[in-house]
Protein chains: 2
Amino acid sequence: MEQLYTVNQLAEELGITPRALRFYEVKGLLAPNRVGNNRVYTKRDRARLKLILRGKRLGFSLAEIREYLDLYNVDGGVEQQRNLLKRVQKRLKDLAQQREDLEATVCELKEIEVQVSTSLADRSPGKDA
Amino acid sequence: MEQLYTVNQLAEELGITPRALRFYEVKGLLAPNRVGNNRVYTKRDRARLKLILRGKRLGFSLAEIREYLDLYNVDGGVEQQRNLLKRVQKRLKDLAQQREDLEATVCELKEIEVQVSTSLADRSPGKDA
DNA sequence: CAGACCGTTGACGAAGACGTAAAGGGAAGC
DNA sequence: GCTTCCCTTTACGTCTTCGTCAACGGTCTG
């Protein structure tokens with residue numbers, strides 16, 4: 001019933017190597033079940049992996065992503081939840097900074113784009129007509 | 001008249017190490033003037049450095065940041081400008097993807113924040129009153 | 001039963017981004 | 001003149017994130 005994957009299957013589907021998958025496991029980012037000696041990944045593992053990959057695209061290190069994944073463990077006592085809340089809020093703050101950086105960079109690149117575009121249009125007029 | 005900096009001054013001001021500054025120079029990201037044997041950084045160098053740091057916060061490698069900085073060289077022949085335009089547009093595309101990832105992550109974290117907050121509020125009612 | 005595939009662990013390698021120690025030059029203060 | 005301080009270069013160390021063998025086990029097929 002439930003969709004399962006081998007290392008190779010899951011790796012190929014998400015466009016990474018099996019080696020990377022095993023590495024993430026060593027680093028504590030994933031913990032697939034075993035059948036005998038072989039890894040078996042569930043949909044949950046897959047979802048977790050997608051979070052990992054998104055974290056990477058955002059430029060986070062595996063250690064940071066590990067912390068980030070911990071934020072999804074909403075269980076725990078009051079003290080733990082307070083702690084979790086703090087970490088979530090810090091992460092949100094970091095992401096806000098990152099968004100600022102992103103917007104600023106996009107703005108500047110768009111300016112350059114316009115500049116270069118018009119410069120090109122001026123040099124070879126009529127090409128756009 | 002113009003504000004100048006030594007390695008240590010500039011490093012401290014921007015919260016990095018002098019080692020990093022020299023390293024960026026070796027990697028071709030910075031090219032400060034010399035007075036005798038000593039590096040002297042201008043405001044322009046400082047601005048460039050801030051771009052570098054922003055790139056790092058966005059998760060780019062130094063090599064990518066180097067390319068990015070080259071995008072600011074709007075001079076050059078038509079062929080070069082066409083090339084530049086392409087690179088700018090590719091970079092913008094990458095950043096768009098990154099923005100998507102960013103928004104998705106922020107959304108999820110905010111959900112968690114609400115979840116944990118209300119959970120805490122429920123457990124200790126009246127604390128908020 | 002041999003070979004073809006998957007899958008496993010382990011060791012070594014490699015690139016990127018610096019940290020850190022070593023050894024020395026120049027100027028400034030006492 | 002000697003120390004102190006800042007700066008220099010060179011070189012080696014380190015941590016991360018895998019890639020790349022190497023050597024091995026299990027299973028299926030012919």
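A note on names: the letters A, B, ... follow the listed sequences, proteins ahead of strands, and every chain is numbered from 1. Only heavy atoms go into these numbers, but all of them, side chains included; no hydrogens, no water, no symmetry mates.
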J.: Counting only heavy atoms and a strict 4.0 angstrom limit, can you tell me which residues of residues 22-31 of chain A come near DNA chain D?
T.: F23(A), Y24(A)
J.: For R123(B), check side chain to side chain contact (heavy atoms under 4.5 Å, CB included) against everything at least two apart and list the hits.
T.: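 Only V78(A), Q81(A), S119(B) meet the side chain to side chain contact (heavy atoms under 4.5 Å, CB included) criterion with R123(B).
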J.: Quick one: L10(B) CG to dC6(D) C1', roughly how many Å, whole number?
T.: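 To the nearest whole Å, that distance equals 16 Å.
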J.: How would you list, by chain and number, every residue that makes a salt bridge (Lys or Arg N to Asp or Glu O under 4.0 Å) with E64(B), sequence neighbours excluded?
T.: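 E64(B): no salt bridge (Lys or Arg N to Asp or Glu O under 4.0 Å) contacts found.
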J.: From CG of N33(B) over to P of dT8(D), roughly how many Å is that when rounded to an integer?
T.: 13 Å
J.: Can you list everything that forms a side chain to side chain donor-acceptor pair (under 3.5 Å) with D94(B)? Sequence neighbours excluded, please.
T.: K90(B)
J.: Spell out, yes or no, whether L120(A) and V114(A) are grouped together once hydrophobic residues are joined by side-chain heavy atoms under 4.5 Å, including indirect joins.
T.: no
J.: Using side chain to side chain donor-acceptor pair (under 3.5 Å) as the criterion, list what pairs up with Q89(A), not counting sequence neighbours.
T.: E113(B)
J.: Using a heavy-atom distance cut-off of less than 4.0 Å, which residues of residues 35-45 of chain B contact DNA chain D?
T.: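 DNA chain D contact set from residues 35-45 of chain B: N37(B), N38(B), R39(B).
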J.: Please write out each protein N/O paired with an N/O of nucleotides 19-22 of chain C under 3.5 Å, distance rounded to 0.1 Å.
T.:
from    : atom 1 : to     : atom 2 : distance (Å)
dG19(C) : OP2    : T17(B) : OG1    : 2.6
dG19(C) : N7     : R19(B) : NE     : 3.0
dG19(C) : O6     : R19(B) : NH2    : 3.0
dT20(C) : O4     : R19(B) : NE     : 3.0

J.: Whole-Å distance between dA15(C) C1' and E64(B) CD?
T.: 14 Å
J.: Residues two or more places apart in sequence or in another chain: which of them pass side chain to side chain contact (heavy atoms under 4.5 Å, CB included) with R87(B)?
T.: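 R87(B) satisfies side chain to side chain contact (heavy atoms under 4.5 Å, CB included) with D70(B), L71(B), N83(B), L84(B) only.
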J.: Going by the rule side chain to side chain contact (heavy atoms under 4.5 Å, CB included), which residues pair with Q9(B) if we only count those two or more places apart in sequence or in a different chain?
T.: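 Here the qualifying residues are Y5(B), T6(B).
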J.: Can you tell me the distance, in whole Å, between the CD1 atom of I52(A) and the P atom of dT16(D)?
T.: 16 Å
J.: To the nearest Å, give me how far apart CG (L21(A)) and C1' (dG19(D)) are.
T.: 14 Å
J.: Between T6(A) and F60(B), which has a closest nucleotide on DNA chain C that is more 5'?
T.: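 The residue closer to the strand's 5' end, by nearest nucleotide, is T6(A).
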J.: Which atom pairs, one a donor and one an acceptor, fall under 3.5 Å between side chains of residues 16-28 of chain A and the rest of the protein, sequence neighbours left out?
T.:
from   : atom 1 : to     : atom 2 : distance (Å)
T17(A) : OG1    : A20(A) : N      : 3.1
E25(A) : OE1    : R39(A) : NE     : 2.5
E25(A) : OE2    : R34(A) : NH2    : 2.9

J.: Can you tell me the distance, in whole Å, between the CZ atom of R34(B) and the C1' atom of dT8(D)?
T.: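 One finds 8 Å between C1' of dT8(D) and CZ of R34(B), rounded.
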J.: Tell me the interatomic distance from E67(B), atom CD, to dG16(C), atom P, rounded to whole angstroms.
T.: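 Taking CD of E67(B) and P of dG16(C), I get 13 Å after rounding.
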J.: Can you check the K56(B) NZ to dA17(C) P distance for me, whole Å?
T.: 7 Å
J.: For E12(A), enumerate each residue passing the side chain to side chain contact (heavy atoms under 4.5 Å, CB included) test, keeping only those at least two apart in sequence or located in another chain.
T.: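 So E12(A) forms no side chain to side chain contact (heavy atoms under 4.5 Å, CB included) with any residue.
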J.: Under 4.5 Å side-chain heavy-atom separation, chaining through any Ile, Leu, Val, Met, Phe, Trp or Tyr, what else clusters with L4(A)? Say none if it is isolated.
T.: V35(A), V40(A)
J.: Counting only heavy atoms not in E79(A), do more than 12 sit closer than 6.0 Å to its CD atom?
T.: no
